Amino acid sequence: MRLMKLISLNVARPRLALYHGSTINTGIFKKPVSGAVQLRTLNLDGDRQADLSVHGGPNKAVYAYPVEHYPYWRQHFPKMDLPFGMFGENFTTEGLAEGELHVGDRLKVGGGIVMVRQPRLPCYKLAAKFERDDIIETFLLSGRSGFYFSVEQEGAVEAGDSIEHLSSEKTAITIAGMNGLFVQEKYNRVLLRKALASAALPEEMREIFEHRLQRLMENQQK
């Protein structure tokens with residue numbers, strides 16, 4: 001059985017940063033912390049999101065990123081220092097992958113329980129963190145999105161905690177499948193129907209996919 005583990009726990013409060021000469025407020029500058037931290041319904045103690053219109057909320061309470069992706073990025077950006085938390089993740093994980101996690105899967109992390117909800121779609125704040133605009137497209141096309149969790153049960157978590165798969169929604173779309181719907185498979189009818197049949201799909205994602213499927217059906221009738 002593959003080892004699943006919380007490698008690093010990373011938090012930050014919003015801070016000001018410069019991006020193309022303008023001052024922005026962002027919580028992306030996460031730093032690893034030691035010891036137990038309380039996992040809450042909307043975030044972790046000591047962690048906040050700056051722009052709640054696109055970040056945070058129940059379905060984006062925690063952002064996780066696989067440690068397995070770091071070698072790829074270190075090879076891609078050999079001159080950059082890439083410590084854990086570099087992608088703005090709260091959880092740097094081991095043993096979890098976009099191609100294996102389904103929307104609605106439930107995981108036990110330390111004393112908390114989380115549910116897989118959706119992939120991360122990069123915004124300009126990732127570019128501000130990396131100080132390069134090309135990271136947004138590179139990140140999106142790589143398929144190495146990481147994944148957002150909702151918090152189903154609050155509890156204490158800390159680096160080194162094991163991760164346990166409590167239940168899997170095998171018929172639901174995977175995070176990799178959702179990534180496809182935002183890149184090369186935007187109008188893939190099979191993936192759209194699979195996403196819409198996923199009970200735990202966030203409502204904002206559901207609206208996007210319903211609109212696309214409707215357009216497909218309208219074009220088919222012409």
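As a basis for the values below, the full set of heavy atoms in this structure was taken, side chains included, without hydrogen atoms, waters or symmetry mates. Not measured: the values here are computed from a predicted model.
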Original post:
Roughly how far, to the nearest 0.5 Å, is CZ of Arg132 from CD1 of Ile135?
Top reply: 7.0 Å
Original post:
Do Asp47 and Arg13 pass the salt bridge (charged side-chain N to carboxylate O under 4.0 Å, His left out) test, and can you show the C-alpha distance, the side-chain angles, and the key distance before you say yes or no?
Top reply: CA-CA 5 Å; Asp47 191 68; Arg13 295 188 182 276; over 6 Å; no
Subject >> Heavy-atom side-chain contact between Val103 and Gln118 under 4.5 Å >> reply: no
Original post:
To the nearest 0.5 Å, how far apart are CG in Leu192 and CD1 in Ile208?
Top reply: 11.0 Å
**OP:** Check whether any side-chain heavy atom of Glu154 lies under 4.5 Å from a side-chain heavy atom of Thr41, and answer yes or no.
**Re:** yes
**OP:** Work out which heavy atom in Thr26 is nearest to a heavy atom in Ala17; give both atom names and the distance.
**Re:** CG2-CB, 4.4 Å
Original post:
Taking the six-membered ring of Tyr19 as reference, does the NZ or CZ atom of Lys125 fall below 6.0 Å from its centre and within a 45° cone about the axis?
Top reply: no
**OP:** Would you check, one step at a time, whether the test side-chain contact (heavy atoms from CB on, under 4.5 Å) holds for His102 with Lys170?
**Re:** CA-CA 7 Å; His102 301 78; Lys170 294 293 187 182; 4.1 Å; yes
Original post:
When clusters are formed by joining ILVMFWY residues with side-chain heavy atoms under 4.5 Å apart, either directly or through shared neighbours, do Val62 and Val37 land in the same one?
Top reply: yes
Original post:
Is Leu216 linked to Val183 within one hydrophobic cluster, defined over Ile, Leu, Val, Met, Phe, Trp and Tyr using a side-chain heavy-atom separation of less than 4.5 Å?
Top reply: yes
**OP:** Quick one: which residue pairs count as a ring-ring contact (aromatic ring centres under 6.0 Å, His included) with a foot in residues 167-219, not counting sequence neighbours?
**Re:** Phe182-Phe209
**OP:** Evaluate whether atom CD of Glu137 has more than 12 neighbouring non-hydrogen atoms of other residues, nucleotides or ligands under 6.0 angstrom away.
**Re:** no
Original post:
Taking only residues two or more places apart in sequence, or in another chain, which ones meet Asp105 in a side-chain hydrogen bond (donor to acceptor under 3.5 Å, both in side chains)?
Top reply: His165, Ser168
Original post:
Between atom CZ of Arg206 and atom CG of Leu213, what is the distance when rounded to the nearest 0.5 Å?
Top reply: 12.0 Å
Original post:
Step by step, would you call Leu44 with Gln38 a side-chain contact (heavy atoms from CB on, under 4.5 Å)?
Top reply: CA-CA 6 Å; Leu44 290 148; Gln38 192 69 17; over 6 Å; no
Original post:
Does the distance from a Lys or Arg side-chain N to an Asp or Glu carboxylate O, for Lys5 and Asp161, drop under 4.0 Å?
Top reply: no
**OP:** Return yes when atom CZ of Arg215 has more than 12 non-hydrogen atoms of other residues, nucleotides or ligands closer than 6.0 Å, and no otherwise.
**Re:** no
Original post:
For Ser150 and Glu152, does a side-chain donor sit closer than 3.5 Å to a side-chain acceptor?
Top reply: yes
Original post:
If you round to the nearest 0.5 Å, how far is OG1 of Thr23 from CG of Leu18?
Top reply: 5.0 Å
**OP:** Would you tell me whether Arg120 and Ser145 have side-chain atoms, one donor and one acceptor, within less than 3.5 Å of each other?
**Re:** no
Original post:
When you look at Asn90 and Lys30, which way does the side-chain contact (heavy atoms from CB on, under 4.5 Å) test go after all the steps?
Top reply: CA-CA 7 Å; Asn90 301 112; Lys30 311 293 187 193; 3.9 Å; yes
Original post:
What are the two closest non-hydrogen atoms of Gly99 and Ala176, and how far apart are they?
Top reply: CA-CB, 3.7 Å
Subject >> Minimal non-hydrogen separation, Leu9 against Gly35, with atom names >> reply: CD2-O, 4.3 Å
Subject >> Nearest-0.5 Å distance, NZ of residue Lys194 to CG of residue Asn188 >> reply: 11.0 Å
**OP:** Determine the minimum heavy-atom distance between Gly146 and Ile175, stating which atoms define it.
**Re:** O-CG2, 3.8 Å
**OP:** For side-chain contact (heavy atoms from CB on, under 4.5 Å), just list the numbers for Met4 and Glu94, CA-CA rounded to whole Å, side-chain angles, deciding distance to a tenth of an Å, and then say yes or no.
**Re:** CA-CA 5 Å; Met4 296 188 295; Glu94 179 181 4; over 6 Å; no
Original post:
Would Arg106 and Glu164 pass as an ion pair if we require N to O under 4.0 Å?
Top reply: no
What pairs of donor and acceptor atoms, side-chain ones from residues 66-87 against any protein atom, are under 3.5 angstrom apart with sequence neighbours left out?
| unit_1 | atom_1 | unit_2 | atom_2 | d |
| --- | --- | --- | --- | --- |
| Glu68 | OE2 | Gly95 | N | 2.8 |
| His69 | NE2 | Glu98 | OE1 | 3.0 |
| His69 | NE2 | Glu98 | OE2 | 3.0 |
| Tyr70 | OH | Pro83 | O | 3.4 |
| Tyr70 | OH | Gly85 | N | 3.2 |
| Tyr70 | OH | Met86 | N | 3.3 |
| Tyr70 | OH | Glu89 | OE2 | 2.7 |
| Trp73 | NE1 | Tyr65 | OH | 2.7 |
| Arg74 | NH2 | Leu82 | O | 2.7 |

Original post:
Is Met115 reachable from Ile163 through a run of I, L, V, M, F, W or Y residues, each pair having side-chain heavy atoms under 4.5 Å apart?
Top reply: no
**OP:** Kindly say whether the aromatic ring centers of Phe91 and Tyr63 come within a distance under 6.0 Å.
**Re:** no
Original post:
How far does CG of Leu201 sit from CD of Glu203, to the nearest 0.5 angstrom?
Top reply: 8.0 Å
**OP:** For a side chain to side chain contact (heavy atoms under 4.5 Å, CB included) with Val116, tell me which candidate from Thr174, Leu96, Leu101 qualifies.
**Re:** Leu101
**OP:** Determine, for Tyr148 and Arg117, whether the Lys NZ or Arg CZ falls below 6.0 Å from the six-membered ring centre while staying within 45 degrees of the axis.
**Re:** no
Subject >> Cluster check Met217, Val190: I/L/V/M/F/W/Y, side chain < 4.5 angstrom >> reply: no
Original post:
If you look at every heavy atom in Ala12 and Gly27, which pair is closest and at what distance?
Top reply: CB-O, 4.1 Å
